[in-house]
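Please read the structure below before turning to the comments.
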Protein chains: 2
Amino acid sequence: MSDSKGRKTISVLSPVMEKNRRIAAYNRKRFDERGLNVLNLISSPGAGKTTLLEVLVRRFGRAIAVIEGDVQTERDAERIRAAGAVAYQIETHGACHLDAQRISDAFDRMVIPSECRILAIENVGNLICPSTYDLGEHLKIGLLSLPEGDDKVLKYPPLFSRVDLLVVTKMDLLPHMDFDPDRVEAECRSLNPDVRCFRVSARTGEGIDALCAELWG
Amino acid sequence: MSDSKGRKTISVLSPVMEKNRRIAAYNRKRFDERGLNVLNLISSPGAGKTTLLEVLVRRFGRAIAVIEGDVQTERDAERIRAAGAVAYQIETHGACHLDAQRISDAFDRMVIPSECRILAIENVGNLICPSTYDLGEHLKIGLLSLPEGDDKVLKYPPLFSRVDLLVVTKMDLLPHMDFDPDRVEAECRSLNPDVRCFRVSARTGEGIDALCAELWG
């Protein structure tokens, strides 16, 4: 791209990001060989990633497997196992995002059932740092919950300009909140014209059928 | 501390963190000379930092001034100015936390009224990365909102083990949520026995008097 004085700039990846890009490409090749559709779910803490995954597990059973990323605790993997799917927990011990190497290591270690078609990676709860790390996924999914407010897309453009899917969660709270889903989707499309938008509630089931159809492909 | 084999380990700060620590100490000295009580507010996006600050501005008027940290947009500083206080916006353009140098620069540039006694720094919305950066504040304040869920303290210990104040926000949503504030406070005290805990609602005013008394000192 050119700046206001007509000087051209080119992007150069840092060594860390270049190494991540190479490992992500290798991950994607391995996922393709296994016939897996791989999802990278990114949101703030508490936006409903694990709750949405529990719903998907009840829908897809062992056709979905999950890699959980958390700073600490095995709580989320335990929830997914209780819902009936294979889950592998990564504890980052302070790190604020997952990277392609951690996913490669997890993929080596976990036992994925032969009937599995979808591998969902729940990233660390963080709206910023995970957005620039390719994990080798096929779909980058940004979740935004109603209680976070409808002003977040333009405040966090590194994520929302990159997502393939925008999923607005906790739609059942709409009567109690001053939140405009149309504004959120319009601001996301202004950054990212190809984004596909979904509105869901894990509690009422709203929008889950359409999202499942999209993920099953 | 010693590990299981009795080997002793010592903590060594990275050059980045050591530089930040030095600048933070300089900031704190300058804040003390001005008689300012400086707050560092940390939470997920949408936990209610700006909304709480609007309430504090309506209470304290120009005795409070605000430094806003966001990845992008001037929206939060505009909200604080509309409420009646001086606000300085830092846009980090992708960076996931504030550091002491950015605060030093902001403090040089902003015009703080002579009647000001409290300087509130609203950190970038992120429950992880801001927790290890000392800005020179007197009080590190962690906010957790009801919709984020009551399991977050032990999932994000780098923040909750360091906060001076824990503020549970959006208490007005308690009837609609499966959230146990006692659990949150107990888990925070298990990491951090000296933490002082507050429960507030900007909407109903619950808990605001007690929090204001604490901040006014």
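Values reported hereafter were calculated over all heavy atoms of this structure, with side chains retained and with hydrogens, waters and symmetry mates removed. By convention in this document, chain letters (A, B, ...) are assigned in the order of the sequence lines, proteins followed by strands, and residues within each chain are numbered from 1.
- Taking B/Arg75, B/His93, B/Glu91 one by one and counting their heavy-atom pairs under 4.5 Å with chain A, the maximum is reached by B/Arg75.
- In terms of heavy-atom pairs under 4.5 angstrom with chain A, the leader among B/Gly125, B/Pro45, B/Ser44, B/Ala95 is B/Pro45.
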Verdict with supporting geometry, A/Asn126 and B/Cys129, side chain to side chain contact (heavy atoms under 4.5 Å, CB included): CA-CA 9 Å; A/Asn126 183 333; B/Cys129 314; 4.0 Å; yes
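- Of the residues considered (A/Pro157, A/Pro158, A/Ser145), A/Pro157 shows the highest number of contacts with chain B, using heavy-atom pairs under 4.5 Å.
- The line from NE2 of B/His97 to CD1 of A/Ile128 is 10.0 Å long, rounded to the nearest 0.5 Å.
- Below 4.5 Å, heavy atoms of chain A meet heavy atoms from B/Lys170, B/Leu173, all part of residues 164-175 of chain B.
- In this structure, CG in A/Leu127 is found 12.0 Å from SG in B/Cys96, a value given to the nearest 0.5 Å.
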Show the numbers, then the answer: is there a side chain to side chain contact (heavy atoms under 4.5 Å, CB included) between B/Gln72 and A/Leu154? CA-CA 7 Å; B/Gln72 215 151 301; A/Leu154 295 187; over 6 Å; no
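- Only the side chain of B/Asp76 has a heavy atom closer than 4.5 Å to any heavy atom of chain A.
- Residue B/Asp178 places its CG atom among 12 or fewer non-hydrogen atoms of other residues, nucleotides or ligands, all under 6.0 Å distant.
- Atom-to-atom distance recorded for B/Lys155:NZ and A/Thr73:OG1 is 5.5 Å, nearest 0.5 angstrom.
- For residues 179-212 of chain B, a heavy-atom distance under 4.5 Å to chain A picks out B/Arg183, B/Glu187, B/Arg203, given by residue number.
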